[in-house]
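Data block below; observations after.
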Amino acid sequence: GLRLDEAAAEYARARELDPQLASARRALADLRRATGKPEEALTLYREQLAADPGDKPARAGVVLSLLDLGRKEEAEREMEAALKDDASNIALLVGASYWHAAQGDPKRAEELALQAIKIEPRHVWAHIARARALVAQKRSLEAELVLRFAHQFGNFPTLDYELASALAASGLYEQAAEALARAFKIKDGQLETRLGGRVPAHAPDFLELLAPERRAGIFQPTPADTAGNARVLKGLLAFTDALGAVGGPAPDATALASAQSDFLSGEDPMRVFRQLYVANRLLARGVELGTVFELADAAGSGVDAGLDEPVVTVAAMADELRDAHVRAVATGTILPLGVVPRVMLANILRGRIEDLKGWALFNQNKGPEALVHLKRALSVLPEQSAWWRTAQWHTGAVLEATGNREEALGAYLKAYNPAAPNPVQRAIIEALYRRVRGSLEGLDEKIGSAPSVSTNAGTTTPPTDALPQEKPQPPATDQPQTEEQKPAEEKPPGE
């Protein structure tokens, strides 16, 4: 039931009734360690080992208690001896892996997690520890693959949260929001979920909310997460909830502002991508247009730092790579990417920023100012790319609205992609073409024949050959792929 304090009290009472009851002694030691009392836990583990030297969980508990007490050298000696006697002590490997991840030693954490996974590929917390280590090493796409694999063997809120955290670390905020929405809700500023899939719980932040699953599952008192990351993810969930769907009721301005404050908190290099994500979503919803301009303008100062991130290609093209990401998830592979030159990525980001600013201004009836930013966007965006076509279309809309029909038609024609016919765009072009030229004569020669059937009603085209082609990557070789390893029945985190 994840009522750990009450459980500890009952085990303590059992020990009073029978001081030699081994199961109560070890369980009480685990709970003492889980609740941040390593000294008491160590004493109980030592008593247990005196009675049963072969108790593997107790040997693991000794090592982990020593680590929590800061007696690292002694802990390493105990660990070496324990693994020498039994290299398959899974409780020790997983616990030590997570401990190192929480203490900022990701390489050691990954090493121990891989040893644990080799012994037991279905141990969900081993995968969680490994994923945390990978994210800390800026390998968040690999972490996502690890966590999706782990979902075959367990389904509880911490796993959804960890997946969302890995996705957000790659700049895939839309997918991260979807992962969070599967297990969490926000009500009156409180996060709500069902721990272990069955126990209702609520708390003001993710660290407090999910602590019982970690403490019951691997008896770890300290999370491998940070308060800053937890705040960002709460902000993402709150922002998605407050913004609502296009066409729905107008969002609450106060709720939006609070959510944005959390989601955009911190000064990390990924902040520029969070700013662009919020600006894009607000603009698509048609709200907070002044904020859209401010966010896009502020994002400009973070471009250089964002370009240094290993996931910059994914983060810069998150929306355009969505379909490729879906295919990668379906096949159990890492999102395939080509090598995009830094200067091209810089131009894409700076061009997107100017396009956002221009379109936000136009939607505030500031056509002349909008054109200035849209022309800047077109001057840096890669020609024929999705972003260039979008900026051309926006330029055409502004020119048409300000009475420059001939120039507007030219921009529309450049924006239209004959390789991906769009009936909505086509209809707009035809209407303006008739007004400017008097008929549709010659239009097909410019943009191809009108599509007979199409379900594509958007105005944004996919990336073109102006960008490097995707190079598929094989599945990670250290993930079990054999038929013998069937998904186990889902269990609560402590089992």
Side-chain angles (χ1 to χ4, degrees), residues 1-7 31 34-36 98 101-102 123-129 131-132 135 143-144 146-169 172-245 255 258-259 261-263 265 487-495:
L2 302 179
R3 293 152 59 186
L4 304 189
D5 290 337
E6 293 177 65
L31 289 172
T35 51
Y98 192 92
H123 200 300
V124 176
W125 283 98
H127 292 294
I128 290 174
R132 275 286 164 189
V135 169
E144 179 197 349
V146 167
L147 292 164
R148 291 194 185 279
F149 179 82
H151 254 296
Q152 299 178 77
F153 311 115
N155 184 18
F156 49 96
T158 292
L159 197 49
D160 287 307
Y161 176 78
E162 293 293 337
L163 177 59
S165 186
L167 288 164
L172 297 171
Y173 300 115
E174 194 76 6
Q175 294 91 324
E178 291 168 1
L180 290 172
R182 284 197 294 267
F184 305 99
K185 294 181 179 180
I186 287 187
K187 184 177 180 180
D188 299 327
Q190 293 277 307
L191 291 161
E192 297 181 346
T193 192
R194 285 187 172 271
L195 299 177
R198 64 189 189 280
V199 180
H202 61 87
D205 61 72
F206 278 116
L207 296 185
E208 182 179 336
L209 181 68
L210 297 174
E213 285 192 340
R214 181 187 69 255
R215 290 168 178 163
I218 51 174
F219 312 115
Q220 290 282 343
T222 305
D225 197 12
T226 65
N229 183 61
R231 182 185 178 189
V232 165
L233 290 177
K234 181 183 179 182
L236 174 60
L237 182 62
F239 176 74
T240 304
D241 186 60
L243 191 62
S258 176
S261 177
D262 285 340
F263 183 56
S265 60
E489 181 182 354
E490 293 177 357
K491 296 182 178 180
E495 294 182 24

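The model shown is predicted, which means the values in this text are computed figures rather than measured ones.
Summarising the geometry of Ala143 relative to Val135, their closest heavy-atom pair is CB-CG2, 3.6 Å, with the distance given to 0.1 Å. Residues Thr222 and Tyr98 approach most closely at O-CE2, 3.4 Å, considering heavy atoms. Closest non-hydrogen pair, Pro157 versus Glu213, comes out as CD-OE2, 3.0 Å. Closest approach of Pro200 to Arg194, counting heavy atoms only: CG-NH1, 3.4 Å. Considering every non-hydrogen atom in both Leu167 and Ala179, the closest pair reads CD1-CB, 4.3 Å. Closest approach of Glu162 to Leu147, counting heavy atoms only: O-CD1, 3.3 Å.
Taking the six-membered ring where the residue is Trp, Phe239 and Phe263 present parallel rings, their angle staying beneath 30° rather than reaching 60°. Ring geometry for Phe206 against Phe184 counts as perpendicular: the plane angle is over 60°, on a 0 to 90° scale with 30° as the lower cut.
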Determine, step by step, whether Val124 and Phe156 satisfy the side-chain contact (heavy atoms from CB on, under 4.5 Å) criterion, reporting the C-alpha distance in whole Å, the side-chain angles of both residues, the deciding distance to 0.1 Å, and the verdict. CA-CA 10 Å; Val124 176; Phe156 49 96; 3.8 Å; yes
Kindly determine whether Lys234 and Ile186 satisfy side-chain contact (heavy atoms from CB on, under 4.5 Å), including the steps that lead there. CA-CA 9 Å; Lys234 181 183 179 182; Ile186 287 187; 4.2 Å; yes
Criterion side-chain contact (heavy atoms from CB on, under 4.5 Å) on Tyr161 and Leu209, from CA distance to verdict: CA-CA 11 Å; Tyr161 176 78; Leu209 181 68; over 6 Å; no
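To the nearest 0.5 Å, the span separating CG on Asp262 from CG on Leu236 amounts to 11.0 Å. Rounded to the nearest 0.5 Å, atoms CG (Leu31) and CG (Asp5) are 9.0 Å apart. In this structure, NZ on Lys187 lies 10.0 Å from NE2 on His202, to the nearest 0.5 angstrom. Of the inter-residue distances, the one linking Asp160 atom CG with Leu180 atom CG reads 8.0 Å to the nearest 0.5 angstrom. With rounding to the nearest 0.5 Å, the separation of CG in Leu4 from CZ in Phe219 is 9.0 Å. Atom CD1 of residue Ile128 and atom CD1 of residue Ile218 lie 7.5 Å apart, to the nearest 0.5 angstrom.
Checking Ser165 against Asn229 by side-chain atom types alone, a donor-acceptor pair falls below 3.5 Å.
Residues Asp241 and Lys185 are not paired through a salt bridge, judged by the lack of any N-O separation under 4.0 Å between the basic side chain and the carboxylate. With respect to the salt-bridge test (charged N to carboxylate O, under 4.0 angstrom), the residues Arg182 and Glu178 do not qualify.
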